[in-house]
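See below for the structure under consideration.
For the numbers below, each heavy atom of this structure counts, side chains included, while hydrogens, waters and symmetry mates do not.
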Number of protein chains: 2
Amino acid sequence: MKEFVVIGLGRFGSSVATNLCRMGHEVLGIDLNEERVQRLSNILTHTVIGDATDEDLMKSLGVRNFDVAVVSIGEDMQASILATIIIKDIGVPYIVAKALNDLHGKVLEKIGADRVVYPEREMGQRIANNLVSTNILDYIELSPEYSIMEIIATKKLTGKTLGQLNLRALYGINVIALKRDKHINASPGANDMIQVDDILIVMGKRDVLENLKSK
Amino acid sequence: MKEFVVIGLGRFGSSVATNLCRMGHEVLGIDLNEERVQRLSNILTHTVIGDATDEDLMKSLGVRNFDVAVVSIGEDMQASILATIIIKDIGVPYIVAKALNDLHGKVLEKIGADRVVYPEREMGQRIANNLVSTNILDYIELSPEYSIMEIIATKKLTGKTLGQLNLRALYGINVIALKRDKHINASPGANDMIQVDDILIVMGKRDVLENLKSK
Ligand SMILES: Nc1ncnc2c1ncn2[C@@H]1O[C@H](COP(=O)(O)OP(=O)(O)OP(=O)(O)O)[C@@H](O)[C@H]1O
Ligand SMILES: Nc1ncnc2c1ncn2[C@@H]1O[C@H](COP(=O)(O)OP(=O)(O)OP(=O)(O)O)[C@@H](O)[C@H]1O
């Protein structure tokens, strides 16, 4: 199990911290704001009300023993940058930092952040993708050309068997699983019939999949 | 091609808007803030400097003809709620709204938002998942039990063929694709050998996959 320190318990930071705890990891949460710390004090492993730009404080907390640090200070760019470089100097091996904009992100990379996150921007892209393909619930981009997507059964797919649809031979599309209610059929066969509200997990070339979902 | 209206061009809203344009759709962007509108005026189809809580303005913009509205007003909860109900009354068929917190989200759902987004919270969960499984690059949650994951080849996997690893027989894991550099092998076979830095796209029960990546 890894040990994480999350600095800045705003909406992003508190979500990272609580999810890490839920998955069984140890999390130290640090924030200037007493109320935000209190709200998480029974959920996280440890919480501290403090200033992450205070180098002595960070050393005294034994931050150097942590595997990963997440710096999720929002509006105060200077604090975000200082906290990051302090943690880098202390020697935490992997640092994730949230950036407000590209320039902030560049600075964070140069001073030692291993990964820079733009939560609003990245979610904006995901939502745009979801909206454009309203029945693609989620997707993995395997390469510029191939994707895995979840597709809600369209009218044209419903009521036919996978054998009848013959997607692999016709379009090179591999139906790798069928989801019905919460049940997963991980070895779909030629006789499986697509029902209303089924979710097909499909793999294939992206433009072909885009055509499929709009049929 | 669908027509979208995006209200509130902060980091989330501008990302949704620019990504929708990049995918070839028409986007009208509305914001109170002149500078934010100017920044996008050459990128989006149309931009308007205005107040989305002004019902006459929204009607005059022909918002009722849009397929999807995205309300991405941040801090001003009241404006976010008012803009949403105005758009609902006008008759836009699908409304996405960004919420600051759960209560705000509940209100938005009750007044007509079809989807409520919590960008920072949702990104926090994704980042937590990425951090916990450092070689799981992305995953689809098929059900509480099954997942599709991308896994970087671990030492134990490298240098063996898929036939030797025998993952399906041993663990019920289906290797559905292999990614090497940017090239996708979408029909991996028993003789394919796993190389350093290969990415395996695998499907199976989540706890089994978690074990696999730590081998
Ligand atoms: N020097 C500091 N030391 C510790 N915590 C800090 C420091 N400066 C700011 N913070 C904390 O960082 C948190 C996140 O910052 P802020 O709320 O400004 O960002 P935000 O972009 O609104 O965050 P989010 O989008 O995650 O909600 C706040 O709870 C704030 O108290
Ligand atoms: N009544 C309104 N009509 C139109 N735009 C508005 C209105 N009220 C606020 N906005 C705009 O909404 C945008 C997003 O709001 P704000 O910046 O407060 O949220 P945020 O949470 O910081 O956003 P993000 O996280 O997306 O950057 C701002 O550009 C603001 O000008």
Side-chain angles (χ1 to χ4, degrees), chain A residues 2 4 10-20 22-25 68 70 72 94 96 98 100-101 115 117-132 134 137-146 148-150 172 174 176-177 179 182-184 186-187 199 201 203-204, chain B residues 2 4 10-20 22-25 68 70 72 94 96 98 100-101 115 117-132 134 137-146 148-150 172 174 176-177 179 182-184 186-187 199 201 203-204:
Chain A
K2 288 188 178 174
F4 295 83
R11 283 164 295 181
F12 175 71
S14 57
S15 175
V16 175
T18 50
N19 277 293
L20 289 170
R22 177 179 60 79
M23 294 190 260
H25 296 273
V68 179
V70 179
S72 43
Y94 193 80
V96 178
K98 168 179 142 162
L100 281 169
N101 56 46
R115 174 164 182 193
V117 183
Y118 301 86
E120 302 85 355
R121 185 189 305 184
E122 291 174 40
M123 272 304 292
Q125 183 170 6
R126 293 189 72 74
I127 295 297
N129 282 321
N130 288 346
L131 288 174
V132 163
T134 45
L137 304 175
D138 209 334
Y139 75 105
I140 286 178
E141 207 174 81
L142 298 180
S143 72
E145 211 183 4
Y146 280 91
I148 293 177
M149 294 180 180
E150 290 187 330
N174 181 1
I176 51 188
K179 200 156 123 183
K182 292 273 175 255
H183 172 70
I184 291 278
S187 332
I199 295 173
I201 319 294
M203 184 169 82
Chain B
K2 288 188 177 175
F4 295 83
R11 283 163 295 180
F12 174 70
S14 57
S15 175
V16 174
T18 50
N19 277 292
L20 289 170
R22 177 179 58 80
M23 292 189 262
H25 296 273
V68 179
V70 179
S72 42
Y94 193 80
V96 178
K98 168 181 142 161
L100 281 168
N101 56 48
R115 175 163 181 195
V117 183
Y118 301 85
E120 301 86 355
R121 186 189 303 183
E122 290 175 40
M123 271 306 292
Q125 183 169 3
R126 294 188 71 75
I127 295 295
N129 283 321
N130 288 348
L131 288 175
V132 163
T134 43
L137 304 175
D138 209 335
Y139 76 106
I140 287 178
E141 205 174 83
L142 298 181
S143 74
E145 213 182 4
Y146 279 92
I148 293 177
M149 294 179 180
E150 290 186 329
N174 182 1
I176 51 189
K179 202 156 120 184
K182 291 272 172 254
H183 172 69
I184 289 276
S187 328
I199 295 173
I201 319 295
M203 184 170 83

Closest contact, heavy atoms only, A:P119 versus B:M123: O-CG, 3.3 Å
What's the shortest heavy-atom distance between A:S15 and B:R121, and which atoms? OG-O, 2.6 Å
Taking side chain as everything from C-beta outward and backbone as N, CA, C, O, which of these in A:F4 sits under 4.5 Å from a heavy atom of chain B? Side chain, backbone, both or neither. side chain
Heavy-atom distances under 4.5 Å only: say whether A:I127 touches chain B with side chain, backbone, both or neither. side chain
Check whether any side-chain heavy atom of B:R11 lies under 4.5 Å from a side-chain heavy atom of A:L100, and answer yes or no. yes
How long is the straight-line distance from CZ of B:R126 back to CG of A:N19, given to the nearest 0.5 Å? 12.0 Å
Please classify the contact between B:I176 and chain A as side chain, backbone, both or neither, with a heavy-atom cut-off of under 4.5 Å. both
